[in-house]
Amino acid sequence: LQKIMRQQNSYVIYDEKNNYNGQSYIEYMAFAYSENQVREMAEEQGIDLTGYTIEIDKTNIHDEMGRQYPCKIFSAVVE
């Protein structure tokens with residue numbers, strides 16, 4: 001039997017009010033199957049995404065070996 005895999009996407013998450021010279025900057029990124037899953041992971045980690053825009057960056061993502069990444073949300077801010 002052929003294994004059917006759901007399509008995993010990468011998402012960028014930003015607040016349009018938080019910008020520099022008219023360009024919003026990405027505060028979080030996520031690997032997930034849906035926008036709802038992004039919101040659920042954020043809530044589990046205590047991240048409030050109220051007012052944030054969640055946008056698909058890339059579709060059908062995988063590593064060099066064709067494996068999907070672990071679903072997660074993480075800070076995109078470099079400190």
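We use all heavy atoms of the structure for the numbers below, so side chains are in, but hydrogens, waters and symmetry mates are not.
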*Asks:* When clusters are formed by joining ILVMFWY residues with side-chain heavy atoms under 4.5 Å apart, either directly or through shared neighbours, do I26 and F74 land in the same one?
*Replies:*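 Cluster IDs for I26 and F74 match.
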
*Asks:* Q68 and R6: which non-hydrogen atoms are nearest, and at how many Å?
*Replies:*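 For Q68 versus R6, the nearest heavy atoms are NE2-O, 2.5 Å.
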
*Asks:* Are I61 and I73 connected in a single hydrophobic cluster, I mean Ile/Leu/Val/Met/Phe/Trp/Tyr linked by side-chain heavy atoms less than 4.5 Å apart?
*Replies:*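 No; tracing contacts between hydrophobic side chains, which count when under 4.5 Å, never links both residues.
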
*Asks:* Side chain to side chain contact (heavy atoms under 4.5 Å, CB included) between I13 and L49: does it pass, once the steps are laid out?
*Replies:* CA-CA 8 Å; I13 303 151; L49 295 182; 3.7 Å; yes

*Asks:* Does one hydrophobic cluster hold both I56 and V12, with members joined at side-chain heavy-atom distances below 4.5 Å?
*Replies:*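 No; V12 is not reachable from I56 via cluster members.
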
*Asks:* State the NZ-CE distance between K72 and M29, to the nearest 0.5 angstrom.
*Replies:*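 With rounding to 0.5 Å, NZ (K72) is 10.0 Å from CE (M29).
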
*Asks:* Going through the distances and angles, do Q7 and T59 end up as a side chain to side chain contact (heavy atoms under 4.5 Å, CB included)?
*Replies:* CA-CA 7 Å; Q7 180 173 294; T59 59; 3.5 Å; yes

*Asks:* Which residues satisfy the side chain to side chain donor-acceptor pair (under 3.5 Å) test with S10, sequence neighbours excluded?
*Replies:*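 Applying side chain to side chain donor-acceptor pair (under 3.5 Å) to S10 gives none.
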
*Asks:* For A32, which residues count as a side-chain contact (heavy atoms from CB on, under 4.5 Å) partner, sequence neighbours excluded?
*Replies:*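 By the side-chain contact (heavy atoms from CB on, under 4.5 Å) rule, A32 matches Y11, Q37, V38, M41.
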
*Asks:* Can you list every pair that meets salt bridge (Lys or Arg N to Asp or Glu O under 4.0 Å) and has a residue in residues 29-57, with sequence neighbours left out?
*Replies:*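 Every pair satisfying salt bridge (Lys or Arg N to Asp or Glu O under 4.0 Å) with a residue in residues 29-57: E35-R39.
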
*Asks:* Rounded to the nearest 0.5 Å, how far apart are CG of N36 and CD1 of I54?
*Replies:*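 Answer for the CG-CD1 pair, N36 versus I54, is 8.5 Å.
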
*Asks:* According to ring pair (Phe, Tyr, Trp, His ring centres under 6.0 Å), does anything in residues 33-72 pair up with another residue at least two apart or in another chain? List the pairs.
*Replies:*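 Qualifying pairs, neighbours excluded: F31-Y69.
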
*Asks:* Partners of E64 by side-chain contact (heavy atoms from CB on, under 4.5 Å), sequence neighbours excluded?
*Replies:*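 E64 satisfies side-chain contact (heavy atoms from CB on, under 4.5 Å) with no other residue.
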
